[in-house]
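Notes follow the structure.
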Amino acid sequence: MLRRCLLNCFLSLLSLYAYAQGLTCYNIQEALQNKDSVTTLILKKQNLKEFPLEILSLSNLQRLDISRNYIDHIPKEIAELKQLHYLNAAQNMLSYLPKELASLPLDTLILWDNSIREFDESYKNTNLKYLDIRAIQMTRSEQKAIKKLFPKARIRKDHPCNCGSRK
């Protein structure tokens, strides 16, 4: 009897801990059923061609992974996700990010294997700690501009290319 009581107490505490830590969802339907408790949404490899606007209703979302899809733009309304600090949009078809994204408390931005070669000046006020822009062909001057924009960030990048330069 005591063992059962202890087990129930343990399971209750574990459940409370999981709730306090937030909920991780792997599809949009599950996330929408738990709007207030979802803190992490992983939509990796789901053949998405557009950014799911339903994500914007997840007011407590802190971490979003939309990597390995076919998304070509992120809507400016992403700024509604006031707690978003981690965005993984690697291996999509992005050529730019909306300047509104800079208003979020982003500390991690993973963008490798997209076509983003520059950022709006509004990003200079972010507290970005990590930026991954590997597998994006950039000139040395483009890389320097990004480093200047994010002086405190650890930036992972490939060697600069001579793309677009004349011989």
Side-chain angles (χ1 to χ4, degrees), residues 14-120 122-123 125-138 142-143 146-147 149-150 152-161 163:
L14 190 61
S15 172
L16 282 171
Y17 177 76
Y19 181 77
Q21 296 301 308
L23 181 65
T24 297
C25 293
Y26 295 89
N27 65 61
I28 196 71
Q29 293 78 20
E30 179 188 6
L32 292 174
Q33 291 173 357
N34 300 286
K35 281 184 183 183
D36 294 332
S37 55
V38 176
T39 57
T40 302
L41 180 59
I42 300 172
L43 300 177
K44 182 180 197 173
K45 290 184 178 180
Q46 295 196 8
N47 293 316
L48 299 173
K49 292 178 179 52
E50 294 181 355
F51 184 93
L53 294 176
E54 298 89 347
I55 292 172
L56 303 175
S57 67
L58 306 174
S59 59
N60 293 314
L61 193 64
Q62 298 173 18
R63 299 173 57 87
L64 176 60
D65 184 341
I66 54 171
S67 64
R68 297 182 179 201
N69 283 293
Y70 302 95
I71 298 170
D72 65 358
H73 77 281
I74 294 176
K76 65 182 180 178
E77 290 82 8
I78 196 168
E80 295 171 18
L81 300 174
K82 300 293 184 196
Q83 296 185 45
L84 191 69
H85 67 85
Y86 174 97
L87 176 61
N88 183 348
Q91 287 190 312
N92 273 285
M93 302 174 75
L94 301 171
S95 58
Y96 72 96
L97 290 177
K99 63 183 177 181
E100 291 80 5
L101 189 65
S103 69
L104 297 176
L106 287 174
D107 58 36
T108 302
L109 193 50
I110 302 171
L111 300 169
W112 63 271
D113 200 15
N114 277 287
S115 298
I116 299 170
R117 294 174 64 158
E118 61 185 20
F119 292 84
D120 188 83
S122 58
Y123 283 88
N125 297 321
T126 64
N127 291 318
L128 204 64
K129 293 181 175 97
Y130 180 76
L131 174 64
D132 190 338
I133 51 174
R134 291 174 294 149
I136 300 174
Q137 288 189 347
M138 292 183 183
E142 287 170 329
Q143 287 183 350
I146 289 172
K147 181 62 181 166
L149 202 57
F150 304 109
K152 296 178 182 175
R154 177 176 173 245
I155 301 175
R156 291 193 66 193
K157 61 188 181 322
D158 288 333
H159 293 289
C161 67
C163 39

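Interatomic distance, OG of S67 versus CG of L111, reported as 11.0 Å (0.5 Å rounding). The line from CG of L87 to CG of D65 is 8.5 Å long, rounded to the nearest 0.5 Å. Interatomic distance, CG of D132 versus CG of N88, reported as 8.5 Å (0.5 Å rounding). With rounding to the nearest 0.5 Å, the separation of CG in L128 from CG in L104 is 11.5 Å. Residue K99 holds its NZ atom at 9.0 Å from NZ of K76, rounded to the nearest 0.5 Å. With values rounded to the nearest 0.5 angstrom, L64 atom CG is found 11.5 Å from T39 atom OG1.
Y70 and N47 make their closest contact through CE1-OD1, 3.4 Å (heavy atoms, listed as atom of the first residue, atom of the second, distance). The minimum heavy-atom distance linking L106 with Y86 is given by the pair CD2-N, 4.1 Å. Residue A89 comes nearest to L94 through the heavy atom pair CB-CD1, 3.7 Å, listed as atom of the first residue, atom of the second, then distance. Taking all atoms of both residues into account, the shortest heavy-atom contact from Q83 to P105 is C-CG, 4.2 Å. The two residues S57 and L32 have their closest heavy-atom pair at OG-CD2, 3.5 Å. Among all heavy-atom pairs drawn from K157 and I133, the shortest one is CB-CG1, 3.8 Å.
Judged purely by atom type and a 3.5 angstrom limit, N114 uses its side chain to pair as donor or acceptor with the backbone of N92. N34 places no side-chain N or O within donor-acceptor distance of the main-chain N or O of L23, the cut-off being under 3.5 Å. With hydrogens and angles ignored, the 3.5 Å screen pairs no side-chain donor or acceptor of Q46 with any backbone N or O of I66. Checked by atom type and distance alone, the side chain of N60 pairs as donor or acceptor with a backbone atom of D36 at under 3.5 Å. For the pair N125 (side chain) and Y123 (backbone), a donor-acceptor distance under 3.5 Å is absent.
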Worked check of side chain to side chain contact (heavy atoms under 4.5 Å, CB included) between K152 and N127 = CA-CA 8 Å; K152 296 178 182 175; N127 291 318; 5.8 Å; no

Stepwise side chain to side chain contact (heavy atoms under 4.5 Å, CB included) test for Y96 and D120: CA-CA 9 Å; Y96 72 96; D120 188 83; over 6 Å; no

Show your working on side chain to side chain contact (heavy atoms under 4.5 Å, CB included) between M138 and I146 and close with a plain yes or no.
CA-CA 10 Å; M138 292 183 183; I146 289 172; 3.5 Å; yes

Evaluate the side chain to side chain contact (heavy atoms under 4.5 Å, CB included) criterion for residues F51 and L56: first the C-alpha distance (whole Å), next the side-chain angles of each, then the deciding distance (0.1 Å), finally the verdict. CA-CA 10 Å; F51 184 93; L56 303 175; 4.2 Å; yes

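Counted within 6.0 Å of NZ on K45, heavy atoms from surrounding residues, nucleotides or ligands total 12 or fewer; the atom is thus considered open. Atom CD of E30 is surrounded by more than 12 heavy atoms from other residues, nucleotides or ligands within 6.0 Å. Other residues, nucleotides and ligands contribute over 12 non-hydrogen atoms within 6.0 Å of the CD atom of E77.
In this structure, the side chains of F119 and L131 come closer than 4.5 Å at one or more pairs of heavy atoms.
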